[in-house]
2 protein chains.
Amino acid sequence: MVADLVAEAELTPAVRALADPLRARIVELLATEQLCVCHLTEELAVAQPLVSHHLKVLREAGLVESDRWRYWTYYRLRPDALLTLADRLERLAASAPTDTCERRPCC
Amino acid sequence: MVADLVAEAELTPAVRALADPLRARIVELLATEQLCVCHLTEELAVAQPLVSHHLKVLREAGLVESDRWRYWTYYRLRPDALLTLADRLERLAASAPTDTCERRPCC
DNA sequence: GCAAGATATCGACCGTCATCGATATCCGGA
DNA sequence: TCCGGATATCGATGACGGTCGATATCTTGC
């Protein structure tokens with residue numbers, strides 16, 4: 001129980017990070033190949049500081065990691081973070097009661 | 001491509017719905033058993049209109065469905081919605097490139 | 001129909017966050 | 001060490017959304 005609550009607390013930032021449409025698109029793009037900020041800026045057609053900001057949110061949520069190479073900072077997805085999230089959702093779905101008639105008496 | 005974008009657009013509301021901590025707790029509670037609003041209000045220790053509001057968001061996101069019975073409205077999880085989401089995340093994780101060296105030339 | 005309980009809706013307030021412009025920091029080449 | 005390019009940070013602004021109180025709607029029993 002407590003462990004579940006802790007696990008959920010650790011997962012929430014990732015879900016919140018994915019909830020923004022622009023960040024969702026970034027994750028989609030990074031699911032194909034690792035990209036640097038300038039690629040993402042061009043692909044998303046938004047200002048570079050905005051891309052950096054959202055990448056920071058994704059990085060702090062553990063969804064992406066970065067890697068400097070010469071001038072550029074390459075970002076790539078961390079698949080394990082997505083898999084952890086997917087597993088959590090599957091567990092929730094699996095634990096849902098199948099018997100729709102069983103109801104706790106009310107108030 | 002277009003189908004993927006559409007699918008993503010349909011999934012985003014569910015992710016956004018799960019991003020709120022109170023709604024996440026509601027989903028957790030409903031993963032155990034179906035509950036009416038008064039149960040949730042008591043369990044979460046918040047005002048009843050607030051619970052109704054969040055339930056509406058979850059319902060419109062397709063994550064829960066409701067069922068009236070006498071005085072009360074029972075809510076239950078829709079496991080298929082969570083599974084669809086989990087599948088989407090798994091696909092993204094699976095499509096992530098494993099070769100960390102392969103980089104598109106920059107700018 | 002009327003009253004009481006359960007739930008949903010509405011309006012207002014307020015904090016958070018996405019966005020933008022300007023600027024700082026970092027890196028590599030000359 | 002100086003310069004230019006790439007990225008990160010900062011401050012301000014505006015909008016979205018969570019919360020609360022009041023109230024409307026719906027259901028059931030009398």
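Every value quoted in this text rests on a predicted model; they were computed, and no experiment measured them.
Put simply, SG on B/Cys36 and CH2 on B/Trp69 are 10.0 Å apart, with the number rounded to the nearest 0.5 Å. Separating the CG atom in A/Leu40 from the CG atom in A/Leu30 is a distance of 5.5 Å, to the nearest 0.5 Å. Distance CG/B/Leu82 to OG/A/Ser95: 9.0 Å, rounded to 0.5 Å.
The side chain of A/Cys38 has D/dT7 as its nearest neighbour among D/dT7, D/dA8, C/dT7.
Atom CD of B/Gln48 is separated from atom C1' of D/dT23 by 11 Å (rounded to the nearest Å). One atom, CZ of A/Arg25, and another, P of C/dT19, lie 12 Å apart when rounded to the nearest Å. Spacing between atom CG of B/Leu58 and atom P of C/dA8 amounts to 12 Å, rounded to whole angstrom units. If you measure from atom CG of A/Leu55 to atom C1' of D/dT9, you get 14 Å, rounded to the nearest angstrom. What separates NZ of A/Lys56 from C1' of C/dT19 is a distance of 16 Å, to the nearest Å. The distance between atom CG of A/Asp67 and atom P of D/dA6, rounded to the nearest whole Å, is 18 Å. Distance A/His39 NE2 to D/dT7 P: 9 Å, rounded to the nearest Å. As rounded to whole Å, 17 Å separates atom P of D/dT27 from atom OH of B/Tyr74.
By the 4.0 Å N-to-carboxylate-O rule, A/Arg88 lies close enough to B/Glu28 to be salt-bridged with it.
Using a 4.0 Å heavy-atom cutoff across all strands shown, B/Ser52 reaches at least one base atom of the nucleic acid.
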Polar atom pairs (N or O), protein with nucleotides 24-30 of chain C, under 3.5 Å:
from	atom 1	to	atom 2	distance (Å)
C/dG29	OP1	A/Arg70	NH2	3.2

Kindly give the atom pairs (protein nitrogen or oxygen, nucleotide nitrogen or oxygen) under 3.5 Å for nucleotides 17-20 of chain D.
from	atom 1	to	atom 2	distance (Å)
D/dG17	OP1	B/Arg16	NH2	2.7
D/dG18	OP1	B/Arg23	NH2	2.9
D/dG18	OP2	B/Arg23	NH1	3.4
D/dT19	OP2	B/His54	NE2	2.5

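With a 4.5 Å cut-off on side-chain heavy atoms, A/Glu90 and B/Glu90 count as touching. Residues B/Leu18 and B/Leu85 have side chains in contact (heavy-atom distance under 4.5 Å, counting atoms from C-beta outward). Counting heavy atoms from C-beta outward, A/Leu35 and A/Ile26 have side chains that stay 4.5 Å or more apart. By the 4.5 Å heavy-atom criterion applied to side chains, A/Thr73 and A/Ser66 are counted as neighbours.
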Atom pairs and distances, side-chain donor-acceptor, residues 45-65 of chain B, under 3.5 Å, sequence neighbours left out:
from	atom 1	to	atom 2	distance (Å)
B/Gln48	NE2	B/Ser52	OG	3.1
B/His54	ND1	B/Arg23	NH1	3.0
B/Arg59	NH2	B/Tyr75	OH	3.3
B/Glu65	OE2	B/Arg76	NE	3.2

